[in-house]
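Given the structure is predicted, the values throughout are model-derived calculations rather than measurements.
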Amino acid sequence: MGRSPTPSVLCALAFYFVFLLALDRLVQIVRAQIGATPPSEVSALNSVFNQWGLSLSSTNYQWNISGEPCSGAAIDTSVLWDIYSTDYNPGIRCDCNGTVCHITQLKVIVLDVFGGIPEELWSLTSLTNLNLGQNYLTGPLSSSIANLTRMQWL
């Protein structure tokens, strides 16, 4: 028969469990202060990246550190982020108001992306800047591009 855990092991497990609960609560508080990306924008971004063979959660993309797209360099105003630069590429920039974060800039440049522009891209209606330069994008441009009413630079 197996031995029962010692009180010190039980205490350590209880502490670990309480620590995880506290950490989860801290993450919820921070996200509430910063804001979270709407699921529809996350889904659209995931779909676009998947169709182009890119991964939103890859560790190679320095702008995404938590699985929440609008985190890390995407919201860090101290990070020099240039829509023309290949730093943080692919990359996004977000605008957060404390409740919600919207994806306002997207760049996927010089990554040899092939194919069409996914329809889901046009549902990112908060985009102000979009750079898809030096890729191999083909096909018609959807009339849904008109959804991007805030666009300043394309």
Side-chain angles (χ1 to χ4, degrees), residues 15-154:
F15 175 78
Y16 181 70
F17 180 72
V18 170
F19 174 76
L20 288 178
L21 287 175
L23 185 61
D24 181 61
R25 182 65 185 136
L26 179 62
V27 167
Q28 290 175 7
I29 290 169
V30 168
R31 280 194 175 160
Q33 290 174 348
I34 296 172
T37 313
S40 60
E41 291 186 31
V42 176
S43 177
L45 191 61
N46 272 318
S47 180
V48 168
F49 276 33
N50 286 336
Q51 290 180 54
W52 285 340
L54 304 171
S55 171
L56 184 62
S57 60
S58 171
T59 56
N60 296 332
Y61 306 145
Q62 301 168 7
W63 52 271
N64 184 5
I65 59 172
S66 69
E68 165 64 36
C70 290
S71 64
I75 59 171
D76 186 349
T77 56
S78 69
V79 171
L80 181 59
W81 197 89
D82 183 353
I83 193 77
Y84 309 107
S85 168
T86 56
D87 292 339
Y88 301 103
N89 181 44
I92 63 170
R93 257 326 217 194
C94 299
D95 182 29
C96 302
N97 66 12
T99 305
V100 67
C101 294
H102 290 288
I103 299 169
T104 57
Q105 298 183 44
L106 170 65
K107 69 176 170 182
V108 177
I109 57 174
V110 196
L111 290 178
D112 295 331
V113 172
F114 284 86
I117 298 176
E119 189 68 25
E120 292 84 357
L121 182 63
W122 313 127
S123 66
L124 297 174
T125 57
S126 294
L127 282 178
T128 59
N129 292 302
L130 175 62
N131 189 347
L132 304 176
Q134 299 181 16
N135 288 296
Y136 301 96
L137 300 171
T138 60
L141 193 58
S142 169
S143 62
S144 297
I145 193 173
N147 295 342
L148 305 182
T149 58
R150 298 181 181 163
M151 187 60 61
Q152 297 171 5
W153 190 90
L154 176 62

What distance separates [X] [atom1] from [Y] [atom2], expressed to the nearest 0.5 Å?
X: L132; Y: L111; atom1: CG; atom2: CG; result: 10.5 Å
X: L154; Y: L141; atom1: CG; atom2: CG; result: 8.0 Å
X: T128; Y: I103; atom1: OG1; atom2: CD1; result: 11.5 Å
X: L130; Y: L121; atom1: CG; atom2: CG; result: 5.5 Å
X: I75; Y: I92; atom1: CD1; atom2: CD1; result: 10.0 Å

> Stepwise, does the side-chain contact (heavy atoms from CB on, under 4.5 Å) test hold for Q134 with I109?
Replying inline: CA-CA 6 Å; Q134 299 181 16; I109 57 174; 5.7 Å; no
Checking [X] side chain against [Y] main chain: does a donor-acceptor pair fall under 3.5 Å?
X: N46; Y: V42; value: yes
X: E68; Y: T37; value: yes
X: R93; Y: C70; value: no
X: W52; Y: S47; value: no

> Under the criterion side-chain contact (heavy atoms from CB on, under 4.5 Å), which of I83, N89, D82 is the partner of N131?
Replying inline: I83
> Given R150 and L127, is the side-chain contact (heavy atoms from CB on, under 4.5 Å) satisfied, shown in steps?
Replying inline: CA-CA 6 Å; R150 298 181 181 163; L127 282 178; over 6 Å; no
>> Just to verify, what does N147 make a side chain to side chain contact (heavy atoms under 4.5 Å, CB included) with, not counting sequence neighbours?
In response: W122, T125, S144
Can you give me the closest heavy-atom contact between [X] and [Y], atom names plus distance?
X: P118; Y: G116; answer: CD-O, 3.3 Å
X: C101; Y: P38; answer: O-CD, 3.0 Å
X: T149; Y: A146; answer: CG2-O, 3.5 Å

>> Over 60° means perpendicular and under 30° means parallel, so tell me whether W153 and Y84 are parallel, tilted or perpendicular.
In response: perpendicular
> With sequence neighbours left out, which residue pairs that include part of residues 103-114 fulfil the side-chain hydrogen bond (donor to acceptor under 3.5 Å, both in side chains) condition?
Replying inline: none
>> With a 4.5 Å cut-off on side-chain heavy atoms, are P69 and L45 touching?
In response: yes
> Do the side chains of S142 and I117 get nearer than 4.5 Å, heavy atoms only?
Replying inline: no
